[in-house]
Amino acid sequence: MRKASRMKLTNRLVAFVTMIVICAILVIFIGGALSFRKLGQNALVHYLDGVVSVIDQEIFEPQGPQALSRWLPTLLKASNVVTLTVTDNNNQIFDFKSDQVVPDPNVLYRHQYKLPSHANYQVIITAIPLYSEFTYSLGAMSSISLAMLIVILGLMRGVHWLRTQLYGSELLEERGRMILAGRVEQYAQGNDYEWPATASLALDQLIGELKDARQERSRFDTFIRTHTFLDQLTGTANRVLFDSRLQSMVQDQDNHGAVILLRLSDWDELCAQQGRTVAEELLQDISVILSNFIQRFPDTVLARYFDAEFAILIPQQPAKEIKLFTNQLLNAVERLSPPAPMEKDNWCHIGVTYFHSGDRRGRIMDEVDTALRSSQLQGANNWNSFTKDHQWDKSRGNVRWRTLIDKTLLQGGPLLYQQPIIMAANDHVMSYALLARIKDDNGDIIKASNFMTAVEQVGYSVRFDRAVISQTLQLLKQQSGTNSYAVNVTTVSLRDKKFVKWLRDELLQLPRPVLNRLLLEVSENMLVKHLDAIRPVLRMLTGLGCKLVVSKAGRTIVSTYYIKDIKVDYIKLHRGLVRDIHQRQENQLFVRSMLGACANSDAQVIAVGVESNKEWRVLQQLGVVAAQGRLFAAEQPILREPNA
């Protein structure tokens, strides 16, 4: 993989030009100094050759050797000659020694001459080279100094001009660095000064097309999931999604709840007399009423089961609450005025049945259909409940729940269980998912799916999340290994300013390697619903080093654009999508769509609730990065420290 250079283009060119100019100046200086020295030495040799030639001519005179002492010393003193000796066959004829002070004897020039006309005569000369005692003179070196000044000023001006001309390339390079760092949205549009302009415009166009392609991909994925699992008229779930959720619910342990079926009478006659448009408007009005009513219960599924039937799946609620809900629902629907030929007092009927873990989906739907037919036989708008030998009814009021949760929090918080998340590539443990449990007065362990609704209803979400996260942080501090832990946090807590401030202060006390081992899970449905409110909090948590996990992905049909908006690290599929995925092509299509939405991001998909090898093989073929479920390991309790 290529890596971007860390040195700017302008700095490279400036450094190159400066180095070339400095090297040229150095070469000129060295060459000038050597030439200057060579010229001085040649001038001295030429002058000394002339002195020797004069001595050779004077020796021809009758009194030549004796006359040397009269005129030669004066000439030598003016010539920087330190010593001069004339010998005749080793007999010294003339010897001259100057009284001039020599600062450095090593610089003296020494040479021995033989007179051309008198072969037996030798002249030995020691002289000071020319320019050896000269120092810098402004007047003498003014031209060179001026040339150097001009070169330096020209270099500075040239560098400034070069930087000005290449400023646009620096802007383009900086933009490229920011895009490589992942800040595409902030640098989608280029500066007008970027250069080359064609590259900048091309980059703008490509980023715009990429943004449109991503949005189109998100819309297309949402379109696929919508047409696969949603009813196109009412926007509620269709029969495929409802049956999948119900099947997943009854296959999990310790689950219970109710199925409600609402049917409109004389539907075919209404379509024949009033037309399809009037009939569909009635269905939309009923859908709005049902959608508003189910908001009080979490994890509720509303579906248009047939043309004139609506099915509601309400998990983890006691029979008393279901009866109250059904009465209120029937009263709200009766306020509508059905068009003819529907009878105002006999057009809407409801059937109710209860289920718990281990029941068959087909039998549950037969029971609720039987209860609905019984209400139709009464001849009026009514509802009826299917009578079962073992109705699941663990009714516990808000007061009892509040007392139990208060007791749990005062005793140090809920019990924590852990379940490993196994990587698909090498079967190694990627992380551990922390699951909260509480113990009732009888000593029975209650799962989070059974008490989290009560926690929200009594207003203890913030206190509960604080207790769970405190235990998680204590666990991270105690373990110095590489184990990471994923803990769920509700959007109610993330919207609470005091909780966010407390969480920030707690995280700031931990080193970054520890924070990198903390994974915070947020439910997809609540995340999308409150995205604008909690986006700054999530960015703050990821900025501190924590990893963000979106759980229960696929429980509702929402846009996946949040993946790139808040830079999700992991996405956990809802267990209803994973259950029997090898037999459900629509669930495989949904998982492929989710994987495609994560293709251009760092988010990775994790499957939850894997129970069989067939499911695991299909998930591996689809491309999930890891999985969690009883196929690998069951939930194991985490023992508390004595001082916890």
Practice problem: Consider only side-chain N and O atoms of Gln457 and Arg402, and report whether a donor and an acceptor are under 3.5 Å apart. | Solution: no
Self-check item: Under 3.5 Å: donor-acceptor pair, side chain of Arg517, backbone of Asn483
Solution: yes
Quiz prompt | Polar side chain donor-acceptor pair, Asp231 to Thr234, under 3.5 angstrom | solution = yes
Quiz item: Does Tyr460 have any ring pair (Phe, Tyr, Trp, His ring centres under 6.0 Å) partners at least two apart in sequence or in another chain, and if so, which?
Solution: none
Practice problem: Go through the structure and list residues passing salt bridge (charged side-chain N to carboxylate O under 4.0 Å, His left out) with Asp369, not counting sequence neighbours. | Solution: Arg263, Arg373
Quiz item: What pairs with Arg466 under salt bridge (charged side-chain N to carboxylate O under 4.0 Å, His left out), at least two apart in sequence or on another chain?
Solution: none
Exercise. Decide if atom NZ of Lys447 counts as having more than 12 heavy atoms of other residues, nucleotides or ligands within a radius under 6.0 Å.
Key: yes
Quiz item: Taking Ser593 for the side chain and Leu589 for the main chain, is one N or O donor matched with an acceptor at less than 3.5 Å?
Solution: no
Practice problem: For the pair Gln328 and Arg296, evaluate side chain to side chain donor-acceptor pair (under 3.5 Å) and give the outcome as yes or no after the intermediate values. | Solution: CA-CA 12 Å; Gln328 296 175 350; Arg296 70 177 72 178; 2.8 Å; yes
Quiz item: Can you name the side chain to side chain donor-acceptor pair (under 3.5 Å) partners of Gln419, sequence neighbours left out?
Solution: Gln628
Exercise. Report the residues that fulfil ring pair (Phe, Tyr, Trp, His ring centres under 6.0 Å) with Phe451, sequence neighbours left out, ordered by chain and then residue number.
Key: Phe464
Self-check item: Separation between NE2 of His530 and OG1 of Thr491, rounded to the nearest 0.5 Å
Solution: 4.5 Å
Quiz item: Taking Ser493 for the side chain and Val489 for the main chain, is one N or O donor matched with an acceptor at less than 3.5 Å?
Solution: no
Self-check item: Over all atoms of both residues, closest heavy-atom pair of Ser612 and His582
Solution: OG-CE1, 4.3 Å
Practice problem: Show the numbers, then the answer: is there a side chain to side chain donor-acceptor pair (under 3.5 Å) between Tyr562 and Glu524? | Solution: CA-CA 9 Å; Tyr562 67 87; Glu524 182 191 55; 2.6 Å; yes
Practice problem: Please answer whether the main-chain N or O of Leu404 pairs with a side-chain N or O of Thr408 as donor and acceptor at a distance below 3.5 Å. | Solution: yes
Quiz item: Who passes ring pair (Phe, Tyr, Trp, His ring centres under 6.0 Å) against Phe310, sequence neighbours left out?
Solution: none
Quiz item: Which heavy atom in Ala486 sits nearest to a heavy atom in Lys572, and how many Å separate them?
Solution: CB-NZ, 4.4 Å
Quiz item: Does Asp444 have any salt bridge (charged side-chain N to carboxylate O under 4.0 Å, His left out) partners at least two apart in sequence or in another chain, and if so, which?
Solution: none
Self-check item: Stepwise side-chain contact (heavy atoms from CB on, under 4.5 Å) check, Val522 with Leu494
Solution: CA-CA 10 Å; Val522 184; Leu494 295 178; 4.0 Å; yes
Practice problem: Walk me through it: do Lys567 and Leu548 pass the test side-chain contact (heavy atoms from CB on, under 4.5 Å)? | Solution: CA-CA 8 Å; Lys567 296 182 180 180; Leu548 182 60; over 6 Å; no
Quiz item: Would Phe242 and Leu302 satisfy side-chain contact (heavy atoms from CB on, under 4.5 Å), going step by step from the backbone distance to the final call?
Solution: CA-CA 8 Å; Phe242 185 87; Leu302 170 63; over 6 Å; no
Quiz prompt | Distance-minimising heavy-atom pair for Val259 and Val368 | solution = O-CG2, 3.5 Å
Exercise. Test side chain to side chain donor-acceptor pair (under 3.5 Å) on Tyr570 and Asp602 and set out the steps.
Key: CA-CA 8 Å; Tyr570 299 101; Asp602 296 330; over 6 Å; no
Quiz item: Taking all non-hydrogen atoms of both residues, which atom of Val608 and which atom of Leu573 are closest, and how far apart?
Solution: CB-O, 3.5 Å
Practice problem: Mind checking the CG-CZ spacing from Leu230 to Arg304? Nearest 0.5 Å is all I need. | Solution: 13.0 Å
Quiz item: When rounded to the nearest 0.5 angstrom, what distance separates CE in Met365 from OG1 in Thr370?
Solution: 11.0 Å
Quiz item: Just how far is it from atom CG of Asp440 to atom NZ of Lys407, taken to the nearest 0.5 Å?
Solution: 9.0 Å
Quiz prompt | Heavy-atom donor-acceptor pair, Asn346 side chain to Asn382 backbone, under 3.5 Å | solution = no
Quiz prompt | Between CG on residue Asp465 and OG1 on residue Thr472, distance to nearest 0.5 Å | solution = 10.0 Å
Practice problem: Under the salt bridge (charged side-chain N to carboxylate O under 4.0 Å, His left out) rule, collect the residues that match up with Glu280, sequence neighbours excluded. | Solution: Arg276
Self-check item: Side chain proximity check, Phe355 to Met249, heavy atoms < 4.5 angstrom
Solution: yes
Self-check item: Asp569 side chain to Lys547 backbone, donor-acceptor under 3.5 Å
Solution: no
Quiz prompt | Contacts of type side chain to side chain contact (heavy atoms under 4.5 Å, CB included), residue Glu269, not counting sequence neighbours | solution = Asp266, Pro341
Exercise. Please check if any side-chain donor atom of Ser265 sits under 3.5 Å from a side-chain acceptor atom of His349, or the reverse.
Key: yes
Exercise. State, with a plain yes or no, whether a side-chain heavy atom of Leu415 is found less than 4.5 Å away from one of Ile438.
Key: no
Practice problem: Could you walk me through whether Met594 and Ile571 pass side-chain contact (heavy atoms from CB on, under 4.5 Å), step by step? | Solution: CA-CA 9 Å; Met594 184 63 70; Ile571 293 180; 4.2 Å; yes
Exercise. Kindly state each residue pair satisfying salt bridge (Lys or Arg N to Asp or Glu O under 4.0 Å) with at least one member in residues 325-338, sequence neighbours excluded.
Key: none
Quiz item: Between Ser287 and Leu283, is there a donor-acceptor pair closer than 3.5 Å when you use the side chain of the first and the backbone of the second?
Solution: no
Self-check item: Heavy-atom check, side chain of Pro339 versus side chain of Leu282, under 4.5 Å
Solution: yes
Practice problem: Not counting sequence neighbours, which residues clear ring pair (Phe, Tyr, Trp, His ring centres under 6.0 Å) with Phe297? List them please. | Solution: Phe325
Quiz prompt | Expected output: side-chain Gln471 to main-chain Pro414 donor-acceptor under 3.5 Å | solution = yes
Exercise. Give a yes or no on whether the backbone of Ser484 and the side-chain of Ser431 come within a donor-acceptor separation of less than 3.5 Å.
Key: yes
Quiz item: Closest approach of Asn587 and Gly576, non-hydrogen atoms and distance?
Solution: ND2-O, 3.5 Å
Self-check item: Gap separating the OG atom of Ser385 from the CD1 atom of Ile350, nearest 0.5 angstrom
Solution: 12.0 Å
Side-chain donor-acceptor distances from residues 614-625 under 3.5 Å, at least two apart:
residue: Glu615; atom: OE1; partner: Glu611; partner atom: N; Å: 2.9
residue: Glu615; atom: OE2; partner: Asp580; partner atom: N; Å: 2.8

Quiz item: Can a salt bridge be assigned to the pair Asp359 and Arg363 using a cut-off of 4.0 Å between side-chain N and carboxylate O?
Solution: no
Exercise. Evaluate the criterion salt bridge (charged side-chain N to carboxylate O under 4.0 Å, His left out) for residue pair Asp366 and Arg360; output intermediate values, then yes/no.
Key: CA-CA 10 Å; Asp366 290 340; Arg360 292 188 299 106; over 6 Å; no
Self-check item: Closest non-hydrogen atom pair, Leu416 against Ala436
Solution: CD2-CA, 4.4 Å
